[in-house]
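So the structure is just underneath, and the comments pick up after that.
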Protein chains: 2
Amino acid sequence: MGTIMKLGTGAVTKRPTLKTVAEKTGLAVTTVSKALNGAPEIAAKTRLLVENAAREIGYVPDRAAQRLRTGKTNVISLVLSPHDEILGFSNSLTLGLSRALRATNYNLLVTPSFEESTEIKTIEKIVRNKMADGIIFSRTEPFDERVRLLIENNFPFVCHGRTELSSTHSFVDFDNEEFARLAVSQLANKNRKRLFAVMPDRKFTFYGHLKYGFTSAAADIGVSYEVPDDVNLDSAPEEIYACIARRIEKGTCPDGFVCAGEVAAMTIMACLSDHDLLVGRDVDIVAKQTSRVFDHIRPRVDTIIENIAEAGAMMGKMLLDDISNPNAPREGFVQRPESELLL
Amino acid sequence: MGTIMKLGTGAVTKRPTLKTVAEKTGLAVTTVSKALNGAPEIAAKTRLLVENAAREIGYVPDRAAQRLRTGKTNVISLVLSPHDEILGFSNSLTLGLSRALRATNYNLLVTPSFEESTEIKTIEKIVRNKMADGIIFSRTEPFDERVRLLIENNFPFVCHGRTELSSTHSFVDFDNEEFARLAVSQLANKNRKRLFAVMPDRKFTFYGHLKYGFTSAAADIGVSYEVPDDVNLDSAPEEIYACIARRIEKGTCPDGFVCAGEVAAMTIMACLSDHDLLVGRDVDIVAKQTSRVFDHIRPRVDTIIENIAEAGAMMGKMLLDDISNPNAPREGFVQRPESELLL
DNA sequence: TCACAAATTTATAACGTTATAAATTTGCAG
DNA sequence: CTGCAAATTTATAACGTTATAAATTTGTGA
């Protein structure tokens, strides 16, 4: 039943195990194991001998056996919500995460939830069946049940976004309040007076940050503002389109848009264009930029950059830290807007 | 060292194993194992007893132990090239794959290669260390070394794109020749006479298909055509932009573009727009559409749809089939363009 | 050279599962 | 009832690793 190898040489051999290395070196299996794991009691001479032998015959530890014995999976699970699929978000997050895991021997398991409501089950399953050593997810809510579950089970995780729970936990978030303030001020500089913002669903923590930043900045500057409650970033593009079209037709079109998502911004632009309104002349838009799509879109739109790939990399790094130091205090990090998007 | 569970009840218990179920039912561990695996020799009554007991105490088999014992990993590895990161491709592929794996107990491992040149090493490692039961990858070449390696090692895989190797293997491809013919004919219908195509890198199999479809259709219809050799779909957007800009400035701008990638199409559009050329009036573009971005881009562009998510789902399904029937003959599938993109 | 501690190596068991072969129970013909 | 085959259950070993505790070797001071 052993795994057959036929790489390189063309010869068919069984995959080498600790036993193979032990036989080759004349040492005990235990010694070989310890030598390869850097146990301090192994003599330097022995360690060298073992390392050479192992390298020579191409020994690689069997993950399944290690996992069975130690309970460590060497797997990080990225749990995706159905909405994460849109455009770059999950893509960039995955990219960043991969980078963080690159030089380690952790693997990235992607676990999609097909319905928002089953995501907690997905996570429960991962915890209960110990399918990973840590979890990454996004779209965090103020009293997020996933966060509660994971804290309760003392299971390492890093989420994208903050909570309002009293227990601290690791997270990476973007300074959405600052984003909104900047956006408002850019629009005000262009002399826009009637601002309109497409926000995330109310249930997410970052809705609050964005809304506060948006409304307070607009109030400070003294321009009118509006946060619609019939559309949000998760709305179907058609709904957003229809919402804006309605405004235009009723003659109540805003002149400045703050848009916290790329797709929504594109949809708004399409709608404006279809109604012969010109960005830069009749209205202005400030969009959150998380990918390079806007580089190729005309007319050009003002953007404020959130670097998701970097967030992913940080989350990965933090998670690995949390896994290796289970009792260290947890902390969060809040990203600032960047001036250029480097991927 | 056993895994501690603290789900639901709040009680702290060890994770149940076959042994737990055996004790509860008064049967032997072996019997329980067989009952749960549907072995034919187990009495119906016993099977029921075991199933109930297992459900009751929430028994879930330990993957690591199964894997160690059977050699089966229950993992599918998606090996990504650095270029796959762009826009929707890997995203859609992942989505489709996840769907195919959804109701199974396979997990999706995402394994990025950070350099094109190390991808073969990545695959070798997966094979050698039996990190997965099967592999998915894209950007297939006519004499693809990855395909060779995997066939040689008798390792299940499905690639996106065909090869010209004599051994058959599983693949899913898109009918790029048909795509190119359709594109040319749409442009000809709009009375475009000087066609230009942005193609994939020469090394890929689908370069050949696209090029043949493009050139032969153009020749049949009798319009002039050109396939530049200084830019391709993997070129930096700036290079594509510069290439088109040069044409426009020299007064040798084509009037019809066939573009086999979304980002490249957007880049061309941006360049045209920056030079006051209007799509639909001065030039026309036919783009390959693999996501919904074009729904939100103005002016509207003609697209021909390649459904990558569906390709991903098929690849997943084929791979699972291949894994369970190691000796069945392998076959490929060629997708046709679709009229509407359903994700 | 001996005693004894320190350094190093080793044997054993265990993680949870399943393949194999052996043991037991059941059913049925005689 | 008995005997025997068929049906069903079970004991044992093994997958490759590491934690634990025990055994051995080495080094040191007297």
Side-chain angles (χ1 to χ4, degrees), chain A residues 1-5 13-51 53-54 57-74 105 128-131 133, chain B residues 1-5 13-51 53-54 57-74 105 128-131 133:
Chain A
M1 278 299 318
T3 309
I4 300 301
M5 290 207 327
T13 2
K14 257 192 169 179
R15 189 169 170 220
T17 70
L18 284 180
K19 202 171 150 200
T20 327
V21 182
E23 275 158 10
K24 188 177 162 75
T25 55
L27 292 161
V29 169
T30 312
T31 314
V32 175
S33 170
K34 287 183 162 172
L36 292 173
N37 288 303
E41 71 263 32
I42 298 294
K45 193 178 67 173
T46 309
R47 168 168 303 125
L48 226 62
L49 173 68
V50 170
E51 278 167 356
I57 66 180
Y59 166 78
V60 186
D62 181 307
R63 277 285 161 69
Q66 287 184 317
R67 180 166 163 178
L68 173 61
R69 184 62 244 237
T70 63
K72 196 155 190 304
T73 64
N74 279 100
N105 50 17
R128 167 169 270 134
N129 303 357
K130 190 67 206 299
M131 289 168 62
D133 295 333
Chain B
M1 276 299 320
T3 309
I4 301 301
M5 288 206 329
T13 3
K14 257 193 171 178
R15 188 170 172 219
T17 70
L18 284 181
K19 202 171 151 201
T20 327
V21 181
E23 276 158 8
K24 186 177 164 74
T25 54
L27 292 162
V29 169
T30 314
T31 314
V32 174
S33 169
K34 287 184 164 173
L36 292 173
N37 288 304
E41 72 263 30
I42 297 295
K45 194 178 67 172
T46 310
R47 168 167 304 126
L48 226 64
L49 173 69
V50 170
E51 279 167 356
I57 65 180
Y59 167 77
V60 185
D62 182 307
R63 278 284 161 68
Q66 288 184 316
R67 180 166 164 179
L68 173 60
R69 186 60 244 239
T70 64
K72 194 154 191 306
T73 64
N74 279 99
N105 50 15
R128 168 169 270 136
N129 303 357
K130 192 66 207 298
M131 290 168 61
D133 295 332

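Numbers restart at 1 for each chain; the letters A, B, ... are given by sequence-line order, proteins then strands.
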### Query
Which part of the nucleic acid, if any, lies within contact of A:Gln66, taking any heavy atom under 4.0 Å across all strands shown: a base, the sugar-phosphate backbone alone, or nothing?
sugar-phosphate

### Message
With a 3.5 Å distance limit and no angle check, can you tell me whether B:Arg47 reaches the backbone of B:Ala39 through a side-chain donor-acceptor pair?
### Response
yes

### Query
Taking only N and O in the side chain of B:Thr31, is any of them less than 4.0 Å away from OP1 or OP2 of D:dT10?
yes

### Task
In whole angstrom, give the distance that lies between atom CD of A:Glu41 and atom P of D:dT20.
12 Å

### Task
Write down the distance between NZ (B:Lys45) and C1' (C:dG27), rounded to a whole number of angstrom.
14 Å

### Task
Starting from C1' on C:dG16, measure out to CG on B:Leu36 and report it in whole angstrom.
13 Å

### Query
Between residues 22-30 of chain B and DNA chain D, which residues have a heavy-atom gap below 4.0 Å?
B:Leu27, B:Ala28, B:Thr30

## Note on the structure
To the nearest angstrom, the CZ-C1' distance between B:Arg63 and C:dC15 comes to 17 Å

#### Entry: Whole angstrom value for the distance that separates C1' of D:dT17 from OH of A:Tyr59
7 Å

### Query
Picking from C:dT17, C:dT18, D:dT18, which would you name as closest to the side chain of B:Thr70?
C:dT18

### Query
Mind checking what makes salt bridge (Lys or Arg N to Asp or Glu O under 4.0 Å) contact with B:Glu41, not counting sequence neighbours?
B:Lys34

### Query
What's the NZ-C1' distance between B:Lys19 and C:dC15, to the nearest Å?
11 Å

### Message
Taking donor-acceptor contacts at under 3.5 Å, does the side chain of A:Arg69 reach the base of D:dA19?
### Response
no

### Query
A:Lys14 has an atom NZ; how far is it from atom C1' of D:dA14, in whole Å?
10 Å

### Task
Ignoring hydrogens and angles, tell me if any N or O in the side chain of B:Ser33 forms a donor-acceptor pair with the backbone of B:Val29 under 3.5 Å.
no

### Expected output: side-chain A:Thr25 to main-chain A:Val50 donor-acceptor under 3.5 Å
no

### Query
Can you find a pair of side-chain heavy atoms, one from B:Tyr59 and one from B:Val32, that are under 4.5 Å apart?
no

### Query
Counting only heavy atoms not in A:Lys19, do more than 12 sit closer than 6.0 Å to its NZ atom?
no

### Spacing between A:Arg67 atom CZ and C:dT17 atom C1', to the nearest angstrom
13 Å

#### Entry: Heavy-atom donor-acceptor pair, B:Asp133 side chain to B:Thr73 backbone, under 3.5 Å
yes

### Closest to side chain of A:Leu68, choosing from C:dC15, C:dT9, C:dT18
C:dC15

### Message
For A:Thr17 and A:Lys34, find the nucleotide of DNA chain D closest to each by heavy atoms; which residue's nucleotide sits nearer the 5' end?
### Response
A:Thr17

